[in-house]
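Chain letters run A, B, ... following the sequence lines, proteins first and then strands; every chain starts at 1.
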Number of protein chains: 2
Amino acid sequence: MDDIGDMAKAGQAAPRKLSRGARRQQLIEATIETIAARGYSRTTLTDVARHAGLSHGLVNFHFQTKEGLLTETLKYLAEEYRQNWTAALEAAGASPAEQLDALLRSDFNPAICTNARLSAWCAFWGEAQCRPMYQDLCGSNDDDYNRTLEDICTRLVAETARPGDPVRIARVIRITTEGVWLDMMTMTDAYGPAEAMRTAFTCAAAFFPEHFDDRGVLGRKRL
Amino acid sequence: MDDIGDMAKAGQAAPRKLSRGARRQQLIEATIETIAARGYSRTTLTDVARHAGLSHGLVNFHFQTKEGLLTETLKYLAEEYRQNWTAALEAAGASPAEQLDALLRSDFNPAICTNARLSAWCAFWGEAQCRPMYQDLCGSNDDDYNRTLEDICTRLVAETARPGDPVRIARVIRITTEGVWLDMMTMTDAYGPAEAMRTAFTCAAAFFPEHFDDRGVLGRKRL
DNA sequence: AATCTGAATGAATGATCGTACATTTAATGA
DNA sequence: TCATTAAATGTACGATCATTCATTCAGATT
């Protein structure tokens, strides 16, 4: 990830001419904003270009077709999401409880979990059912994520005395996170990220009360 | 609801001329199928008309504009959903556990929970973030449903010794249902309605193990 | 039967939008 | 300084599609 997305840096104006990668990233960010603002079906290349402050011909120059731009945007979001949770997991401790805590927190990382990004995800989700390419890239099909979560749940279940199907538990936990995102988008009187995270932890605590309460993993400093 | 949706009744052909209500319903059903098959953004009036075996001019005759057709379709789905859960609730017993059981089962009623309908819901959801009209009609904003579910959870929590926030619990349960629907749509190797319902009950059992297991409410005949 | 009403058709229209491309502009290197 | 290369622009074209409307047609009314 060439992270050069700092063109609005105060002081000197953005360069008229930019490297291929930087311009692509700028256009992708503009696409996310446009989808969030106007919806997928009403997003036009002119809109995207206007958001980026560029001419609409440039979009085709960098992405050949509109479909190309949209696909690349979804790939960008998927990769970003993946980077986010893998990094969080690496930084976490060895115990499954700490790892689940880290994973859930990473899902509400303010860098990832912005209004525009959630809206865009939501829009792609809506289109995914009839587009195999989108379907593969949408969250529920991130095999690594699912396997990791199932593995953590398996280890957590083993630490409790009670029986429980780790696959179903992992599914409920994943789904709860996705659902809380949807709420933040579609509910008219939505709650904020703090309440969202508490809801996710409420779910984790229901399955693993020995390890969690609605603030996160037990036995940690609280803010 | 004038329920005249039986035009494909074998034997005599469908009447060339139909009452206003019946034709509208037929076109709405065709819209649901079209959205499911081609996605929201690629749905055209010609597609819809072709699905219904009618001319595309007729759509405007009955619904003035394309937006009108789509809005009416969403209203139709919302009303259908509402009818479904309220009927299920009325038929249920008085105890909160039986009522939650009935509510969850109604969400997977095969009449409501078809592939086409789930796809259509999903598509509207994706567009809802930037359309207040859609936003109001989408599931998470059904105040009656939310209040009912919260009320049931409050009574269930009262029956257990443990503490617990009924609002958050109700939210997790609602979200799990929605999430399972999404899975059935967007996952490449999706599971069926049976496993979906079990997942929903797994969630209910996590909060109310005295009342539920992953097959539903306890103390009932099983199939 | 004749008339009337409103449903249904499909060709014509006009607007929107993606794509192509000729032209302009900026940076790089000789 | 000039030449070369790549980025960026904006006009023009063509396709798609929602909408309109004159016309046709079926059923009801008299």
Side-chain angles (χ1 to χ4, degrees), chain A residues 2 4-5 7-8 12-31 34-35 37-74 123 127 130-131 133, chain B residues 2 4-5 7-8 12-31 34-35 37-74 123 127 130-131 133:
Chain A
D2 46 338
I4 331 179
M7 35 221 51
Q12 69 250 31
R16 274 216 53 163
K17 220 172 171 182
L18 225 53
S19 79
R20 227 179 161 71
R23 202 53 103 196
R24 281 173 65 97
Q25 190 173 345
Q26 184 191 6
L27 287 169
I28 285 173
E29 290 287 347
T31 305
T34 306
I35 292 177
R38 316 227 334 125
Y40 184 99
S41 70
R42 290 185 297 194
T43 291
T44 72
L45 294 188
T46 310
D47 280 335
V48 172
R50 191 173 20 241
H51 255 95
L54 297 164
S55 74
H56 74 270
L58 192 59
V59 180
N60 274 349
F61 178 78
H62 282 290
F63 295 94
Q64 288 75 47
T65 66
K66 182 188 185 183
E67 196 172 300
L69 172 68
L70 292 168
T71 304
E72 289 301 311
T73 301
L74 182 52
E127 287 290 312
C130 58
R131 305 200 202 206
M133 164 86 32
Chain B
D2 46 338
I4 331 180
M7 37 221 49
Q12 67 250 34
R16 271 214 55 163
K17 220 172 170 182
L18 224 54
S19 80
R20 226 177 162 76
R23 202 54 104 197
R24 280 173 67 97
Q25 190 173 343
Q26 184 191 5
L27 287 168
I28 285 174
E29 290 287 346
T31 306
T34 305
I35 292 177
R38 315 227 338 124
Y40 185 100
S41 70
R42 289 185 299 195
T43 291
T44 71
L45 295 188
T46 309
D47 281 335
V48 172
R50 191 170 23 241
H51 256 95
L54 297 164
S55 75
H56 74 268
L58 192 59
V59 180
N60 273 7
F61 178 77
H62 283 291
F63 295 94
Q64 287 76 47
T65 67
K66 183 187 185 184
E67 197 172 301
L69 172 67
L70 292 168
T71 304
E72 289 300 310
T73 301
L74 182 52
E127 287 288 313
C130 59
R131 305 199 202 207
M133 165 87 30

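- Side-chain contact between B:Arg42 and A:Arg131 is present, with heavy atoms from C-beta onward closer than 4.5 Å.
- Among the nucleotides D:dA8, D:dC17, C:dG18, the one closest to the side chain of B:Thr44 is D:dC17.
- Nucleic acid contact for B:His62: sugar-phosphate only, since backbone atoms but no base atoms lie under 4.0 Å from a heavy atom of the residue.
- Separating the CG atom of B:Leu54 from the P atom of C:dT9 is a distance of 5 Å, rounded to the nearest angstrom.
- With a 4.5 Å cut-off on side-chain heavy atoms, A:Leu27 and A:Glu72 do not count as touching.
- Listed pair A:Arg20 / D:dA6 fails the phosphate criterion, with no side-chain N or O lying under 4.0 Å from OP1 or OP2.
- Residues A:Leu70 and A:Ile35 have side chains in contact (heavy-atom distance under 4.5 Å, counting atoms from C-beta outward).
- Taking atom CG of B:Leu69 as the reference point, atom C1' of D:dT19 lies 14 Å away to the nearest angstrom.
- Atom P of nucleotide D:dA18 and atom CG of B:Leu27 are separated by 14 Å, given to the nearest angstrom.
- In this structure A:Thr34 satisfies the side chain to side chain donor-acceptor pair (under 3.5 Å) test together with A:His51, sequence neighbours excluded.
- Atom CD of B:Glu127 sits about 10.5 Å away from atom CZ of A:Arg38, to the nearest 0.5 Å.
- Comparing D:dT19, D:dG10, D:dA18 by their closest approach to the side chain of B:Thr65 singles out D:dT19.
- For the pair A:Phe61 CZ and D:dG10 P, the computed distance is 16 Å after rounding to whole Å.
- One atom, CD of B:Glu67, and another, P of D:dC17, lie 18 Å apart when rounded to the nearest Å.
- In this structure, B:Arg50 places its CZ atom 10 Å from P of D:dC17, rounding to the nearest Å.
- Of the candidate nucleotides D:dT19, C:dT19, C:dT9, C:dT9 has the atom lying nearest to any side-chain atom of B:Leu58.
- Across the protein-nucleic acid pair, B:His56 atom NE2 and D:dT19 atom C1' stand 8 Å apart, rounded to whole Å.
- Residue A:Asn60 has its side chain nearest to C:dT19 when only D:dT9, C:dT19, D:dT19 are considered.
- Distances shorter than 4.0 Å separate some side-chain N or O of A:Arg23 from OP1 or OP2 on D:dA8.
- One can place CZ of A:Arg42 at 14 Å from P of C:dG18, the figure rounded to the nearest angstrom.
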